[in-house]
Visitor: 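Before I ask anything, here is the structure I am working with.
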Amino acid sequence: QVQLVESGGGLVQAGGSLRLSCAASTSIFSITSMAWYRQAPGKQRELVATVSSRGSTNYADSVQGRFTISRDNAKNTVSLQMNSLKPEDTAVYYCKGDLERIGLPGLTAVYWGQGTQVTVSS
């Protein structure tokens with residue numbers, strides 16, 4: 001059983017900051033890449049940022065320079081530091097993990113967290 005649990009969402013004024021965290025609990029999978037997605041009301045889920053097992057990162061253009069993704073491989077956690085927040089950043093944020101079964105290369109799985117609400121007021 002694998003669980004991804006997010007925390008850190010909330011309400012913040014425009015220009016403020018929030019830090020999201022996601023902890024993955026698993027003893028039989030290694031985590032290759034981790035990512036944050038978000039879904040605003042009436043819109044499709046979109047990619048926010050990704051980080052590989054080696055620490056390579058990618059960001060959506062809309063958050064480049066404002067958000068920073070990081071991970072702790074030893075703790076199986078990924079964080080998203082969000083600065084200079086805008087009302088259009090309001091969404092439910094989801095953590096995603098791409099996993100590979102330890103000892104069985106090629107046996108992969110994708111898990112999602114339950115989501116955490118971020119609301120930015122103007």
Side-chain angles (χ1 to χ4, degrees):
Q1 185 72 14
V2 178
Q3 285 189 316
L4 273 64
V5 180
E6 299 113 335
S7 61
L11 173 65
V12 65
Q13 289 188 332
S17 299
L18 280 175
R19 184 177 181 86
L20 305 182
S21 295
C22 174
S25 60
T26 175
S27 59
I28 62 173
F29 284 94
S30 63
I31 303 175
T32 52
S33 66
M34 301 188 80
W36 287 96
Y37 284 71
R38 67 186 181 187
Q39 187 166 18
K43 295 188 177 181
Q44 290 187 333
R45 190 172 297 189
E46 63 174 1
L47 176 65
V48 176
T50 65
V51 59
S52 72
S53 58
R54 297 182 179 182
S56 297
T57 58
N58 282 290
Y59 298 91
D61 289 343
S62 59
V63 307
Q64 182 76 45
R66 299 188 298 123
F67 291 10
T68 302
I69 189 171
S70 60
R71 66 185 287 176
D72 184 329
N73 290 335
K75 297 181 179 179
N76 280 346
T77 59
V78 62
S79 298
L80 185 69
Q81 177 65 42
M82 305 185 294
N83 299 327
S84 302
L85 283 161
K86 304 175 181 179
E88 50 264 44
D89 294 319
T90 295
V92 177
Y93 283 71
Y94 296 90
C95 171
K96 171 180 169 280
D98 293 308
L99 285 67
E100 185 174 73
R101 183 70 161 85
I102 295 173
L104 293 172
L107 182 60
T108 60
V110 176
Y111 283 86
W112 292 86
Q114 79 286 356
T116 185
Q117 177 70 47
V118 170
T119 302
V120 184
S121 63
S122 57

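Basis for what follows: all heavy atoms, side chains included, without hydrogens, waters or symmetry-related copies.
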Visitor: Roughly how far apart are Asp89 CG and Ser84 OG, rounded to 0.5 Å?
Guide: 9.5 Å

Visitor: Taking all heavy atoms of Ser122 and all of Ala14, pick out the closest pair and write down the distance.
Guide: CA-CB, 4.3 Å

Visitor: Are any side-chain N or O atoms of Ser30 and backbone N or O atoms of Ile102, one a donor and one an acceptor, separated by less than 3.5 Å?
Guide: no

Visitor: Could you go step by step and tell me if Lys96 and Val110 meet the side chain to side chain contact (heavy atoms under 4.5 Å, CB included) rule?
Guide: CA-CA 7 Å; Lys96 171 180 169 280; Val110 176; 3.6 Å; yes

Visitor: Check this for me: Glu88, atom CD, are more than 12 non-hydrogen atoms of other residues, nucleotides or ligands nearer than 6.0 Å?
Guide: yes

Visitor: Examine distances only and state if a side-chain atom of Glu6 and a backbone atom of Cys22 form a donor-acceptor pair shorter than 3.5 Å.
Guide: no

Visitor: Do Thr32 and Asp98 have side-chain atoms, one donor and one acceptor, less than 3.5 Å apart?
Guide: no

Visitor: Rounded to the nearest 0.5 Å, how far apart are OG1 of Thr108 and CG of Leu99?
Guide: 9.0 Å

Visitor: Are the aromatic rings of Tyr37 and Trp112 close, with centres under 6.0 Å apart?
Guide: yes

Visitor: Has the side chain of Arg38 got a donor or acceptor atom that lies under 3.5 Å from a matching backbone atom of Glu46?
Guide: no

Visitor: Donor-acceptor pair, Ser52 side chain versus Ser33 backbone, under 3.5 Å?
Guide: no

Visitor: In Å, rounded to the nearest 0.5 Å, how long is the span from OG1 of Thr68 to CE of Met82?
Guide: 11.0 Å

Visitor: Indicate whether any N or O donor in one side chain lies under 3.5 Å from an N or O acceptor in the other, for Gln81 and Ser79.
Guide: no

Visitor: CG/Asp72 to CE/Met34 distance, rounded to the nearest 0.5 angstrom?
Guide: 10.5 Å

Visitor: Between Gln39 and Lys43 (side chain of the first, backbone of the second, donor and acceptor by atom type, cut-off under 3.5 Å), is there such a pair?
Guide: yes

